[in-house]
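Contents: one structure, followed by commentary.
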Amino acid sequence: MSDSILSRNSILKIDGVSKTFSTKAGVVKAVDDASFHAGWGEVTVIIGPSGSGKTTLLYLVGSLEKPEAGAIEVSSTDICQSDFDLASYRRSGVGFVFQFFNLIPTLTSLENVTLPMDLAGVPKPDQERRATDLLARMGIDDQRVQRSKPTKLSGGQCQRVAIARALANDPDLILADEPTGNLDTATSKSVTELLGALAHEDGKCVLIVTHDESILEIADQAFHMTDGKLESVGA
Amino acid sequence: MRTLSRGFRSFRRHWARNLIIVILLAVCLTFSLSMLAVKLAADQQVKSVKATVGNYAEVSVSSEALMAYFEQQRSMTQAERNAQARTMTDLEEMANRAESLVPEEVTDTFSKVDEVRTYDKLLSASVTVSGLTSTSVTPLFQIREGSTSSSSSGRFQFEGNTDAAALADFVDGRKQLFSGSLYTYADYKNANPVVVVEKNLAETNELEVGDTIEASISGASGSNSKLELKIIGIYETVEAERSSESSGGNSQAMTNPMGNILYSPLSVVQKMNATPGYVTTGSYYFDSVDHTEQLQAVFSSQVGEDSTYALTTDESNYQAIADPLIKVGKTSLIGLGGALGACALIVLLAMGITIGSRTKELGVLKALGASNRQVITQYAVEVVCITLVAIILAMGATTIIGQKLGNWMLSGNQTSSSTQETAQVAGVPAAGNSGSAPRGAPTGPGAMGQAFGQRLRNQVMNTSAQEQAASIQVVYRGSLFLYGILLLVMISLLGMAVPVIWIVRIRPARILSME
């Protein structure tokens, strides 16, 4: 990771963040003094084995967990402050892409994409138009597929819908947790390209945690995580 | 609004699961509302029965005192009794007569109790009327055929109260004024010597309104005194009393003993009987059967340890009539409680299962930035929709089965209490007069006939209340609808408790990690 990148346009700043969990086996340090910066239009990949703490780090950035130490700044705002509006940040500041898609099964693809906009209070006609555009951009322009429920879609289609949902409120930060973990090789490749395009074409800050080394192809910076410790593996 | 709409959409999307919950809930709610409708109907009918039965009381000489008096008289021979009568002073004779009567000060004092609504007093006396032929104990069929077999006993039953219009026979319509008028309270106050006679008696004796009859004043000193009574009215007996009870119910011997009864103001009857200040009965209507015990206590405190006078009420009639309805009310209350408990259990379990199976959805919603309020509102709308649909279905079903359930419950209770009721009605206390005016306990000659007549009248008077209690009328009132809304709110709140607790405590990171 070069200093020039950090100073150029950092949107995400993580400094000395730690998180522990109490388990039956004792206290586990999931994230241990992690620090890195990520900028606009960059893909940051954190690679590591299962249980290394990479998902916890992603949830810390997404404010789904609170760190015990350190600071996380997104667009120069400390998201760990007690008076920080977490719900608003989750709605509009960040978009999640999960390994198992986490689409709501009773909603159609279109409705899954409009849901974050609905929560954010976007007018109904705007919701539909934007959701249709996003799905089309993700390669789902067939109306039948758009009106289908997730159970009728393939894994690749589900992940595309999930990416569209993550982009629904046009967040600056996209957090992807094992986005290719549940996909075949060809689909993984296309999803990876999509995520790369979000950073390199749309200027989003994309943070991906994975154990799939092929994603490193699109990485602007990469880290290796072992037992909660973060090590840079270069750009 | 957006959240409400999302909640409603969510309710529709989970239609299969929600339909099962709605059906289960609707079944329990139907049972609850039916029980509630039956309870309301039973309570209403008990209230109606209370308005007509159970709130009548009489103060008279106790049966123990009367029995002691009769025993004393029976122990003497006729010769001894005649000798005693001849040697009695006026005061002694009056005291003797008064032994089976109640002093007016006793009945007046009791009338001042707060619960007493109306008060009257009555004196029955056997008086000799010269030159008058009696029609008593004449079979009705003979009267109808015009072959009246008259007897001339010379003694007639006089009944007096404070206002003839208040006499039960006239109020109930068993007797109707044929011509002239009835005496009034003013006649009583002024002791006007007036009389109302029976039509057959008047025809037999060719009497008309305006004519006079001559009655002898009782007592040693009054043996030669006469009182001229002016006939101001003639009544006809519409419904003759049946002697079925005294004859074991087989012989419906229709007689017209009431034809021999003459009505005069109480003060006039007291004069003819030579018992001023004494009455046979104090008659009261009080506010409600619920105060019977209280009134008994007040009366006991007024008369002290003196057991000569007794207060009797028609509470047992009320119990016999209202008991099945009261039992239905109690049973329906238990049923209502059970059904509501089942409703609560169903909604809690259903919401528990619903939330449990949609935990991931909750986690995703929170990860996507839904606030607790948004998620809670969404689930609340779902619960309200479920309960609302169930309530609407239950209200419809209640209109179909409510009446049937009520009938079934009442028939069950009537069967179980019929034996008890029969016993109670047959043993109605002598003072159990549920008419709207007083009738006294009998004294002297004709006493048994009088008691018999009164007991019959109790049955007649209770008939309407018994008919009222014989069936239950499950009417769908506005209050039932309000209770339905209350149930809707309560069940919805209960149902919301599960998601509220779950949503507030949920940590999306944990949920999303549970793959």
Side-chain angles (χ1 to χ4, degrees), chain A residues 19 21 30 50-51 53 55-66 85-108 111-124 127 149-150 162 165-166 168-169 171 175 177-178 181-182, chain B residues 1-21 351 353-383 385-386 499 502-515:
Chain A
K19 177 75 181 174
F21 291 113
S50 295
T55 297
T56 303
L57 180 61
L58 194 82
Y59 287 170
L60 285 168
V61 176
S63 80
L64 298 178
E65 294 278 10
K66 275 194 177 286
D85 186 352
L86 289 175
S88 175
Y89 169 67
R90 287 178 200 162
R91 273 198 299 269
S92 310
V94 67
F96 279 100
V97 178
F98 302 98
Q99 179 182 357
F100 295 101
F101 327 126
N102 283 336
L103 298 173
I104 293 176
T106 53
L107 302 182
T108 63
E111 287 168 337
N112 266 291
V113 180
T114 58
L115 181 61
M117 291 186 266
D118 198 39
L119 293 171
V122 174
K124 196 88 180 166
Q127 286 180 26
K149 290 187 176 162
R165 183 180 66 183
N169 287 325
L175 305 177
D177 183 13
E178 302 278 11
N182 210 27
Chain B
M1 196 62 205
R2 202 180 285 269
T3 314
L4 295 180
S5 157
R6 201 164 44 243
F8 184 66
R9 286 202 304 270
S10 182
F11 167 72
R12 281 189 307 162
R13 281 187 198 112
H14 297 93
W15 65 270
R17 187 201 308 261
N18 287 341
L19 183 66
I20 295 168
I21 301 171
M351 289 318 293
I353 292 167
T354 299
I355 292 293
S357 64
R358 287 164 67 183
T359 303
K360 195 170 172 186
E361 181 185 322
L362 280 176
V364 172
L365 279 171
K366 290 189 90 170
L368 293 177
S371 64
N372 282 343
R373 189 174 56 81
Q374 283 175 314
V375 185
I376 287 168
T377 310
Q378 178 184 321
Y379 278 84
V381 170
E382 280 195 61
V383 176
C385 287
I386 289 170
W502 200 273
I503 290 162
V504 169
R505 295 179 62 176
I506 206 166
R507 289 178 60 196
R510 287 287 165 89
I511 303 300
L512 297 171
S513 302
M514 292 191 313
E515 296 292 352

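Only a predicted model underlies this, so the values are computations on that prediction, with no experimental measurement involved. Labels below follow one simple rule: chain letters A, B, ... track the order of the sequence lines, proteins then strands, and each chain is numbered from 1.
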Can you tell me how far the CG atom of A:Asn102 sits from the CD1 atom of B:Ile511, to the nearest 0.5 Å? 10.5 Å
Can you tell me how far the OH atom of A:Tyr59 sits from the CG atom of B:Leu512, to the nearest 0.5 Å? 4.5 Å
Tested for side-chain contact (heavy atoms from CB on, under 4.5 Å) against B:Glu361, the lone hit among A:Ile104, A:Leu103, A:Leu107 is A:Ile104
Nearest 0.5 Å, what's the CZ-NZ distance between A:Arg90 and B:Lys366? 7.0 Å
Atom group of A:Gln99 that falls short of 4.5 Å from chain B, counting heavy atoms: neither
What distance do B:Lys360 atom NZ and A:Phe100 atom CZ have between them, rounded to the nearest 0.5 Å? 7.5 Å
Which residues pass the side-chain hydrogen bond (donor to acceptor under 3.5 Å, both in side chains) test with A:Gln127, sequence neighbours left out? A:Asp118
With a 4.5 angstrom heavy-atom cut-off, is it the side chain or the backbone of A:Pro171 that approaches chain B, or both, or neither? neither
With a 4.5 Å heavy-atom cut-off (strictly below), which parts of residues 371-382 of chain B touch chain A? List them by number. B:Ser371, B:Gln374
At a 4.5 Å cut-off on heavy atoms, which part of A:Phe21 comes close to chain B: side chain, backbone, both, or neither? side chain
Tell me the closest heavy-atom pair linking B:Pro508 and A:Leu64, and the distance in Å. CG-CD2, 3.9 Å
B:Arg358 versus chain A, heavy atoms under 4.5 Å apart: side chain, backbone, both or neither? neither
